[in-house]
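Protein chains get the first letters and strands the later ones, always in sequence-line order, with residue 1 at the start of each.
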Amino acid sequence: MKKRLIQAVLAAAIPLASINVQAADPVYGGTMDVVVQPEPPSLMIGLYSNAPTQQVAGNIYEGLLRYDKDLNPQPLLATSWDTSEDGKTWTFHLKHGVTWHDGKPFTSADVVFSVDKFLRQTNARLRQSLQYVDSITAPDDYTVVFQLKQPFGPFIGLFETGTMPMIPKHIYEGTDYKTNPANHHPIGTGPFKFAEWKKGSYIHAVKNENYHVKGLPYLDDIYWHVIPDAASRSVAYETGKIDVLPGGSVENFDIPRLTALDNSCSTSDGWEYFSPHAWLWINNRNYPMSDKRFRQAIMYAMDRDFAKNALWNGYGKVAKGPVGSKTNFFNKDLPDYEYNPKKAKALLKEMGYDGTPVRLLPMPYGETWQRWAEAIRQNLAEVGIKTDMVSSDVAGWNQKISDWDFDLSFTYLYQYGDPALGVSRTYVSSNIAKGSPWNNAEGYSDPEVDKLFAEAATAYPDSKRQELYNEVQAKLVEDVPVAWLLELEFPTIYNCNVHNLIDSAIGVNDAFGTAWIEK
Amino acid sequence: MSIQTLFYIGGRLIKGLLVLFVIAIFNFFLIRAAPGDPAKVMAGEAGATDELFLQQLREQFGLDQPLYYQLWVYISNLVQFDMGETYRQQMPVFDLIMDRLPATLLLTGTAFVLSLVLGVLVGVIAASNHRKWIDSAISVAALVFYATPLFWLALMAVLLFSVFLGWLPAFGMETVGANFTGWDRFVDIAEHLVLPAMTLGLFFTAVYARMARTSMIETSRADFVKTAKAKGMKPSRVTFRHTLRNALLPVVTLAGLQAGQMIGGAVLTETVFAWPGIGRLMFEALFQRDYNLLLGVFFISSAMVVLFNLATDLIYCIVDPRIELAK
């Protein structure tokens with residue numbers, strides 16, 4: 001019965017290859033309509049680092065660098081950069097002639113202010129990395145020098161717009177950042193300028209005529225529409241009112257239908273920097289999860305290929321371990337946890353599992369996650385693990401994880417291109433603390449793992465880091481502190497008349513500076 | 001208006017204020033009873049945080065204070081007509097509500113008038129043709145719309161009128177970026193209004209139709225109606241002057257209830273049609289645990305219920321002069 005279901009689902013899934021469009025010359029003009037979900041709380045990217053904020057504000061603000069789809073740094077506000085022999089001094093040369101949207105020049109003083117003052121105070125994620133930075137200085141208007149305390153491997157990966165946006169010093173210096181009136185009218189250096197925000201309806205940005213990259217942008221303006229219902233977002237795209245559905249903005253079961261429409265294109269590119277990694281939290285503190293064999297049994301019990309094909313329309317990749325395959329320092333030689341209920345049963349028998357039921361928390365992020373929880377529940381039941389589903393909304397779910405009040409729970413987190421930024425936080429024992437659902441919530445603690453992650457973050461050069469990360473990945477895959485599910489991909493669906501939509505590793509979160517619409 | 005009526009209204013308003021006060025305190029505790037932390041919800045959207053950041057947020061929202069103190073701040077601000085700031089948008093709650101209120105009132109007001117007029121009319125037609133096919137047809141239709149879930153109806157309407165026929169826009173309140181003015185803008189908004197207002201209004205149309213029909217049939221058997229007919233009055237005049245006026249009372253009661261829900265009652269419709277109104281604001285605030293905003297919407301909604309209850313009682317007197325206002 002189940003096999004037939006899989007086949008039916010596979011048959012229904014439309015071939016995913018997107019249509020190749022002939023390269024044509026870009027044309028100027030046109031308005032692009034994009035969906036943003038949910039409505040961002042604010043567009044001040046230095047204060048709010050969530051996805052919808054960045055999706056819009058990534059067009060208004062800029063960082064020093066961008067990253068191509070292989071995560072190589074590319075010039076943006078910095079034209080070149082070099083590092084000292086020991087990897088501790090980084091010098092960035094800024095682009096000349098860049099102006100803020102209000103006409104003031106962008107200089108090294110803005111960079112020092114943004115990183116050292118503003119973001120150090122407001123951006124929790126960057127703050128973790130800035131502890132490796134000893135000083136940030138500006139020898140002249142167009143040079144910035146970062147002096148590190150010790151080499152920090154992921155340093156060159158910190159400069160994208162969402163992580164380290166440039167904030168105008170002349171507007172924010174000496175003010176209370178959170179209440180500065182400019183937060184309601186963001187000023188950046190990006191290819192589009194903020195025009196209007198009709199709360200609950202749309203956000204409007206218009207072309208920056210003085211953009212520092214000559215000839216860009218192509219589009220006249222962009223509207224981000226706020227449409228709260230997933231089915232309505234699909235309809236809005238179907239009726240041609242919307243040109244772009246960023247990844248994750250429609251339910252997965254609508255994707256085959258929408259990509260099959262006339263003149264509809266799709267791509268799973270643009271997630272390389274984030275590499276969203278999905279796993280099951282396993283509360284390592286309590287029986288039976290405290291037994292390694294039980295956790296391994298969960299890995300063998302799950303049919304992850306089924307989930308990928310049936311629930312995610314074939315997008316994504318079965319996760320091998322803690323590091324995603326697109327993230328730097330992925331260990332290619334890890335053993336597989338194949339779907340093998342027999343092995344799972346044997347492990348459970350060996351440990352003498354007494355059938356204690358476990359609580360499973362689905363992720364309250366829409367229908368797909370609910371269905372996924374049901375699929376896993378069935379997988380676990382087949383090897384003799386009984387589960388009780390505990391549902392709640394986002395706030396309640398956050399609370400349960402941060403209070404360690406769970407046995408198993410779905411989640412996914414971004415990796416930000418480097419294990420030191422987005423992976424180690426889940427496994428090092430210094431990160432075990434109640435009150436946050438994004439640290440080491442499973443309570444796994446191993447001194448060797450702690451040591452390897454700490455050494456790998458500051459080892460130099462990269463080959464040394466790779467060695468250490470290979471070792472820690474192998475160790476974690478053996479211990480199964482959490483049960484890895486999939487490397488997620490959220491396809492972006494768009495009207496084929498739109499070209500060059502995604503040209504960096506942060507996808508729709510980057511500026512649509514090079515995007516253009518065929519007439 | 002007599003002095004007596006004015007006194008009555010004044011008394012009711014004072015009682016209403018007391019009720020609102022109690023409701024405000026009750027709401028405060030009700031919301032805090034739900035598990036979850038606004039700071040964590042907000043940090044969660046960023047996918048990463050540290051304790052310092054959470055602490056900053058809680059301080060900013062005043063959530064680091066003891067609960068009784070937060071209640072005191074809330075109530076004392078409320079007395080001065082200050083509803084605080086929203087956590088998420090960093091805007092005064094009152095401004096945000098006022099910003100979204102016109103959209104909701106337009107939608108619910110249209111649906112209200114539409115359902116009341118249409119419902120009563122259909123009900124009268126059904127009653128006048130009692131036990132004929134048209135009566136059965138209306139009754140069946142009313143039952144179907146009464147029983148159909150709102151969101152399903154909305155989605156089906158979108159599918160038919162927007163996707164297949166392409167007659168009406170599927171979402172929003174205006175064509176974004178068109179910058180219409182004057183008459184063009186009116187037409188544009190009207191076009192956007194049709195589907196959500198229909199969806200929202202159909203349920204109550206059905207309720208009014210059933211109510212009006214039953215009440216009309218009952219009243220038409222009364223002696224004074226027979227008398228009116230016997231003295232040779234025109235049938236239409238009998239229906240509207242004698243029967244309808246007396247049959248209207250239960251409909252007014254129900255209309256008062258519907259009017260009281262005009263602010264918060266359109267959550268589903270606003271969500272499906274991306275209508276930028278209050279219902280959606282409340283719904284989102286609930287999931288984000290935006291306490292201030294949620295309390296603000298609750299407060300305005302309860303004030304509306306109190307006001308409309310009073311208005312309903314006054315309308316009773318107009319419809320039926322035999323009803324007197326109790327002192």
K.L.:
Need one label for K178(A): side chain, backbone, both or neither, based on atoms under 4.5 Å from any heavy atom in chain B.
P.N.:
both

K.L.:
Please work out whether the ring planes of Y412(A) and F490(A) are parallel, tilted or perpendicular, with thresholds of 30° and 60°.
P.N.:
tilted

K.L.:
Among D403(A), D393(A), T239(A), T31(A), which residue has the highest count of heavy-atom pairs closer than 4.5 Å to chain B?
P.N.:
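Maximum pair count with chain B is reached by D393(A).
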
K.L.:
Show, in sequence, the C-alpha distance, side-chain angles and deciding distance for W224(A) and Y202(A), and conclude whether the ring pair (Phe, Tyr, Trp, His ring centres under 6.0 Å) test is met.
P.N.:
CA-CA 5 Å; W224(A) 285 269; Y202(A) 61 85; over 10 Å; no

K.L.:
Go through it in stages, so that I can follow the logic: the residues are F94(B) and F81(B), the test is ring pair (Phe, Tyr, Trp, His ring centres under 6.0 Å), and I'd like the CA-CA distance, side-chain angles, deciding distance and then a yes or no.
P.N.:
CA-CA 9 Å; F94(B) 187 76; F81(B) 301 104; 8.7 Å; no

K.L.:
Between W279(A) and Y427(A), what is the ring plane arrangement, given parallel below 30°, perpendicular above 60°, and tilted in between?
P.N.:
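Rings of W279(A) and Y427(A): tilted, 30 to 60°.
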
K.L.:
Sort out for me which of R280(B), Q90(B), Q60(B) touches chain A most, counting heavy-atom pairs under 4.5 Å.
P.N.:
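Max contact count across the listed options: R280(B).
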
K.L.:
Using non-hydrogen atoms and a 4.5 Å limit, figure out which bit of F287(B) sits close to chain A: side chain, backbone, both or neither.
P.N.:
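Both backbone and side chain.
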
K.L.:
Among E39(A), K400(A), H225(A), single out the residue with the greatest number of heavy-atom pairs under 4.5 Å to chain B.
P.N.:
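With the most close heavy-atom pairs to chain B, the winner is H225(A).
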
K.L.:
Side chain, backbone, both or neither: which part of M173(B) has an atom under 4.5 Å from a heavy atom of chain A?
P.N.:
neither

K.L.:
Can you say whether P40(A) sits under 4.5 Å from chain B via the side chain, the backbone, both, or neither, judging by heavy atoms?
P.N.:
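Answer is backbone: N, CA, C or O of P40(A) sit under 4.5 Å from chain B.
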
K.L.:
Looking only at atom types and distance, does a side-chain atom of N439(A) sit under 3.5 Å from a main-chain N or O of A433(A), one as donor and one as acceptor?
P.N.:
yes

K.L.:
Measuring heavy-atom distances to chain A, does V158(B) have an atom under 4.5 Å in its side chain, in its backbone, in both, or in neither?
P.N.:
side chain

K.L.:
Between S402(A) and chain B, which part of the residue has a heavy atom less than 4.5 Å away: side chain, backbone, both or neither?
P.N.:
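Contact with chain B: side chain only.
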
K.L.:
Parallel under 30°, tilted from 30 to 60°, perpendicular over 60°: which one fits the rings of Y223(A) and H204(A)?
P.N.:
parallel

K.L.:
Is chain B contacted by the side chain of R233(A), its backbone, both, or neither, given a heavy-atom distance below 4.5 Å?
P.N.:
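The answer is neither part of R233(A).
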
K.L.:
In terms of heavy-atom proximity below 4.5 Å to chain A, should Q56(B) be classed as side chain, backbone, both, or neither?
P.N.:
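Only the side chain of Q56(B) comes within 4.5 Å of chain A.
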
K.L.:
Using modelled atom types and a 3.5 Å cut-off, is there a donor and acceptor pairing between side-chain atoms of Q80(B) and backbone atoms of S76(B)?
P.N.:
yes

